[in-house]
Student: 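Here it is: the structure, laid out below.
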2 protein chains.
Amino acid sequence: MADDDPLEDYEERVSPFVERFAADLTEAGMQRMASRVFACLLTSDDGALTSAELSERLQASPAAISGAVRYLSQVGMVSRQRDPGSRRERYQLHHDVWYTTLLNRDQVLNRWLVTLNAGAEAIGTDTPGGRRVRESAEFLEFMRKGLEDLLKRWQSRPP
Amino acid sequence: MADDDPLEDYEERVSPFVERFAADLTEAGMQRMASRVFACLLTSDDGALTSAELSERLQASPAAISGAVRYLSQVGMVSRQRDPGSRRERYQLHHDVWYTTLLNRDQVLNRWLVTLNAGAEAIGTDTPGGRRVRESAEFLEFMRKGLEDLLKRWQSRPP
DNA sequence: CGCTCATTTCACAAATTTGTGAAGTTAAGG
DNA sequence: CCTTAACTTCACAAATTTGTGAAATGAGCG
């Protein structure tokens with residue numbers, strides 16, 4: 001039998017998932033509150049909630065929500081919208097959050113590649129260490145390109 | 001003109017790369033000292049150094065090195081070897097560090113998938129939130145599989 | 001033009017992470 | 001066995017991160 005009270009329903013069925021998935025994300029390096037906010041948005045009807053709603057569901061202060069959203073906004077996972085004629089803000093998951101997030105991953109890889117290639121140069125590829133650094137760059141470039149292709153393939157996948 | 005003193009050479013040419021790449025890794029979520037140790041090993045002749053060598057190059061205490069190596073060993077990036085007849089231990093980068101590290105990444109993705117699929121079930125795919133969670137899992141499964149294929153392709157690449 | 005409410009910023013306390021020196025452990029070498 | 005070198009563990013101090021309440025900001029509404 002389904003539960004009719006939305007908040008109670010959240011606590012019983014949704015919250016366990018939110019907290020567990022947030023833990024997964026945190027373990028992988030994301031800030032704790034940002035992980036919780038992201039996971040919570042993921043489970044919402046429109047992929048969007050107000051600060052007050054997040055605050056209630058996550059039992060966290062508005063300040064904490066604000067900080068988390070600022071971070072998620074900076075890394076392009078969430079956009080802030082204003083219901084016209086309201087002073088409430090809605091924090092909306094980017095439509096293709098996962099897709100765009102992995103695109104960002106690609107950029108991170110690119111920074112690594114710059115560092116590695118410059119490093120190989122500085123150390124000198126006439127040394128074993130320099131060569132290992134160069135080979136690392138080659139492997140990561142292979143993966144970066146592959147990731148890029150994968151993302152393209154996802155975009156043009158049959159519906 | 002090349003520098004003949006190994007340590008001086010390290011400080012001038014190698015250390016800047018080690019510190020910068022370690023910073024890249026740390027930013028991506030790896031422990032700071034573990035990042036430094038990993039980057040340092042990457043630049044070494046054999047991909048292996050003793051605790052004393054790491055300690056000197058990184059200007060860190062043996063205790064810090066020990067902790068970092070324990071972590072790197074746990075996540076399978078470094079193996080500890082014993083030169084027979086010596087009481088020194090060598091911390092050796094796994095031959096295909098990058099490859100195996102990305103394989104681990106695959107495992108992380110798998111954990112996420114378990115969480116997401118269980119979550120979709122619990123929330124109910126008759127709700128928008130549940131569906132969004134399910135779709136997240138589908139996307140990540142696509143990427144996981146693609147990553148797996150990519151790694152296979154790397155292994156069987158022409159030399 | 002204020003008034004008011006939603007959000008942000010700030011200062012701070014709590015919790016966590018990080019690295020160190022010192023003591024402890026283990027194993028090679030006499 | 002006993003010494004000693006090499007690493008690990010432990011207890012703690014420093015630094016960083018995290019989240020809170022309270023004050024400040026600013027956008028809509030009258």
Side-chain angles (χ1 to χ4, degrees), chain A residues 15 18-19 21-41 44 48-75 77-93, chain B residues 15 18-19 21-41 44 48-75 77-93:
Chain A
S15 177
V18 168
E19 299 306 327
F21 189 49
D24 285 349
L25 295 173
T26 299
E27 211 170 336
M30 175 139 72
Q31 300 175 3
R32 186 171 3 176
M33 192 61 77
S35 301
R36 298 182 70 210
V37 166
F38 174 72
C40 193
L41 287 174
S44 66
L49 293 168
T50 65
S51 176
E53 289 166 328
L54 284 166
S55 199
E56 175 166 42
R57 296 189 185 195
L58 299 176
Q59 299 285 312
S61 72
I65 305 295
S66 174
V69 168
R70 175 153 41 96
Y71 170 79
L72 290 171
S73 177
Q74 273 172 356
V75 300
M77 296 173 78
V78 159
S79 67
R80 341 164 70 112
Q81 298 181 353
R82 203 96 186 193
D83 285 343
S86 164
R87 55 188 86 167
R88 293 240 181 83
E89 218 157 43
R90 277 164 60 82
Y91 305 124
Q92 171 80 251
L93 275 191
Chain B
S15 177
V18 168
E19 299 305 327
F21 189 50
D24 285 350
L25 295 174
T26 300
E27 211 170 336
M30 176 141 70
Q31 299 175 5
R32 188 171 359 176
M33 191 61 77
S35 302
R36 297 182 71 212
V37 167
F38 175 72
C40 193
L41 287 175
S44 67
L49 293 168
T50 65
S51 175
E53 289 167 327
L54 285 166
S55 199
E56 175 167 44
R57 296 189 185 194
L58 299 176
Q59 300 286 311
S61 71
I65 305 294
S66 173
V69 167
R70 175 152 41 97
Y71 170 79
L72 290 171
S73 176
Q74 273 172 355
V75 299
M77 296 172 77
V78 158
S79 67
R80 342 164 69 111
Q81 299 182 353
R82 202 97 187 191
D83 285 344
S86 163
R87 56 187 86 170
R88 292 242 184 82
E89 217 156 43
R90 278 163 60 82
Y91 304 125
Q92 171 79 252
L93 275 190

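Reminder, nothing fancy here: chain letters follow the sequence lines and each chain counts from 1. Reckoned from all heavy atoms, side chains included, excluding hydrogens, waters and symmetry mates.
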Student: Round to a whole Å and report the spacing from CD of E56(A) to P of dA6(C).
Tutor: 14 Å
Student: State which residues pass salt bridge (charged side-chain N to carboxylate O under 4.0 Å, His left out) with R82(A); sequence neighbours excluded, sorted by chain then number.
Tutor: E89(A)
Student: Is any side-chain heavy atom of Y91(A) closer than 4.5 Å to one of V37(A)?
Tutor: no
Student: Just the rounded figure in Å: distance from P of dT7(C) to CD of Q81(A).
Tutor: 14 Å
Student: What nucleic acid atoms does Y91(A) come within less than 4.0 Å of, heavy atoms only: base, sugar-phosphate, or nothing?
Tutor: sugar-phosphate
Student: Which pairs of donor and acceptor atoms, one on a side chain in residues 25-32 of chain A, lie under 3.5 Å apart (sequence neighbours left out)?
Tutor:
from, atom 1, to, atom 2, distance (Å)
T26(A), OG1, A22(A), O, 2.9
T26(A), OG1, S35(A), OG, 3.2

Student: Nearest whole angstrom, please: distance from the C1' of dC7(D) to the CG of L72(B).
Tutor: 16 Å
Student: When you measure from the side-chain N and O atoms of S51(A) to the phosphate of dT7(C), is any distance below 4.0 Å, counting only OP1 and OP2?
Tutor: yes
Student: Applying side-chain hydrogen bond (donor to acceptor under 3.5 Å, both in side chains), can you list everything that pairs with S86(A), at least two apart in sequence or on another chain?
Tutor: none
Student: Would you call L49(B) and R57(B) a side-chain contact if the rule is heavy atoms closer than 4.5 Å?
Tutor: yes
Student: Calculate the interatomic distance between E89(A) atom CD and dG28(D) atom C1'; express it in whole Å.
Tutor: 13 Å
Student: Would you mind reading off the distance between R90(A) atom CZ and dT7(C) atom C1', rounded to a whole angstrom?
Tutor: 16 Å
Student: Going by ring-ring contact (aromatic ring centres under 6.0 Å, His included), name the residues that satisfy it together with F38(B), two or more places apart in sequence or in a different chain.
Tutor: W98(B)
Student: Between P on dT8(C) and CD on Q74(A), what's the gap in Å once rounded to a whole number?
Tutor: 12 Å
Student: Do side-chain atoms of S55(A) reach the backbone of A52(A) as a donor and acceptor pair under 3.5 angstrom?
Tutor: no
Student: To 10°, what angle do the rotation axes through the five end pairs on each side of the helix from dC1(C)-dG30(D) to dG30(C)-dC1(D) form?
Tutor: 20°
Student: Can you build the contact string for nucleotides 9-27 of chain C? Use B for base contact, S for sugar-phosphate-only contact, and - for no protein heavy atom under 4.0 Å.
Tutor: B--------SSBB------
Student: Working to the nearest 0.5 Å, report the span between CD of E53(A) and CZ of R88(A).
Tutor: 7.5 Å
Student: Given Q92(B) and L41(B), is the side chain to side chain contact (heavy atoms under 4.5 Å, CB included) satisfied, shown in steps?
Tutor: CA-CA 8 Å; Q92(B) 171 79 252; L41(B) 287 175; over 6 Å; no
Student: Would you mind reading off the distance between R88(A) atom CZ and dT8(C) atom C1', rounded to a whole angstrom?
Tutor: 17 Å
